[in-house]
Amino acid sequence: MVNQDNQSVNPSKNFVLPFILLLLSKVSLHGYELSQKLEAFGFKTLDQGNLYRMLRQLEKDELVSSEWDTTGSGPAKRRYSTTQAGITYLKGYANQLETYQSILDQFFKMYSSLLELYIPSFQKKDPIEKVNNTRRRKNDGTEKK
C-alpha cells in the first residue's frame with residue numbers, strides 16, 4: 001500500500017509473518033520487543049493489537065509458542081519463540097521469497113530498459129559521481145558545468 005502523503009510503501013501485514021518467525025527463531029522476545037525490531041525492518045505502521053492477534057494465531061497454528069516471563073520487575077510478560085513447525089514454515093516461506101526475488105529482479109531489469117528506451121536521458125548514475133561532477137571548480141573558483 002502506498003502512503004499518499006510521502007509516497008512511501010508500507011509492507012503488507014501478511015508480509016510481516018516471515019519476519020516474525022525469523023526474529024523469534026533467533027531469540028525469544030516479548031511482544032513489545034518484537035514490535036521494536038519489526039519497526040527497524042520497516043514495519044512502521046504495524047498496530048500493536050494486530051501484532052498480538054497475529055501472535056495468538058501463530059500460537060494456535062503451532063508455529064510459535066509462548067511462556068510467561070516472571071523474572072524482572074513489573075508484571076509477568078509473555079515471551080514468544082518459534083517452534084520446530086515454525087522453523088519448517090519459515091524455510092518454505094524463504095524459498096518462496098527467493099523465487100519472488102528473482103521475478104522482481106527480472107521486472108526491474110525490464111522496467112529500467114523501458115525507461116531507457118522511452119526516456120533517453122534516463123541513466124542510472126552513481127550519486128557520488130554526480131555530486132563530484134557538479135562540485136568541480138575551476139582554478140579561479142567558479143564552478144564547471
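Numbering of residues begins at 1 and proceeds along the displayed sequence.
Side-chain N/O atoms of Tyr100 and Gln96 include no donor and acceptor closer than 3.5 Å.
With hydrogens and angles ignored, the 3.5 Å screen pairs a side-chain donor or acceptor of Ser102 with a backbone N or O of Thr99. Side chain of Ser28 to backbone of Leu24: no donor-acceptor contact under 3.5 angstrom is found.
Looking at every heavy atom in both residues, Gly31 comes nearest to Leu51 through O-CD2, 3.7 Å. Contact detail for Pro18 and Leu90: the closest heavy-atom pair is O-CD1, 3.6 Å. The nearest pair of heavy atoms linking Arg78 to Ser66 is NH1-OG, 2.7 Å. When all heavy atoms of Ile20 and Leu55 are compared, the pair lying nearest together is CG2-CD2, 4.1 Å.
The aromatic rings of Phe15 and Phe43 are tilted relative to each other, their planes meeting at an angle between 30° and 60°. Aromatic ring pairs are classed by plane angle as parallel below 30°, tilted from 30° to 60° and perpendicular above 60°; the pair Tyr111 and Phe107 is parallel.
In this structure, Leu63 CG and Thr83 OG1 are separated by 5.5 Å, a value rounded to the nearest 0.5 Å. Between Gln106 atom CD and Leu104 atom CG the span is 9.5 Å, to the nearest 0.5 Å. Interatomic distance, CZ of Arg56 versus OH of Tyr80, reported as 7.0 Å (0.5 Å rounding). Atom OG of Ser35 sits about 9.5 Å away from atom CG of Asp47, to the nearest 0.5 Å. Atom NZ in Lys77 sits 10.0 Å away from atom OH in Tyr32 (nearest 0.5 Å). With values rounded to the nearest 0.5 angstrom, Phe41 atom CZ is found 5.0 Å from Leu23 atom CG.
The environment of Glu39 atom CD is dense: over 12 non-hydrogen atoms of other residues, nucleotides or ligands sit within 6.0 angstrom. Atom CD of Gln36 is surrounded by more than 12 heavy atoms from other residues, nucleotides or ligands within 6.0 Å.
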Inset, instruction - Go through the steps to decide whether Leu97 and Gln101 satisfy the test side chain to side chain contact (heavy atoms under 4.5 Å, CB included), and finish with yes or no. - result: CA-CA 6 Å; Leu97 289 175; Gln101 182 178 12; over 6 Å; no
Inset, instruction - Using the side chain to side chain donor-acceptor pair (under 3.5 Å) rule, take Ser65 and Glu59 through it: C-alpha gap first, then chi angles, then the decisive distance, then the call. - result: CA-CA 6 Å; Ser65 64; Glu59 200 164 9; over 6 Å; no
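Taking hydrophobic clusters as Ile, Leu, Val, Met, Phe, Trp and Tyr residues chained together by side-chain heavy-atom distances below 4.5 Å, Leu17 shares a cluster with Tyr52. Hydrophobic clustering (ILVMFWY, side-chain heavy atoms < 4.5 Å, transitive): Leu38 and Leu21 are in one cluster. Each of Ile87 and Val27 belongs to its own hydrophobic cluster when Ile, Leu, Val, Met, Phe, Trp and Tyr are linked at side-chain heavy-atom distances under 4.5 angstrom.
Among pairs with a residue in residues 84-107, none fulfils salt bridge (Lys or Arg N to Asp or Glu O under 4.0 Å), at least two apart in sequence or across chains.
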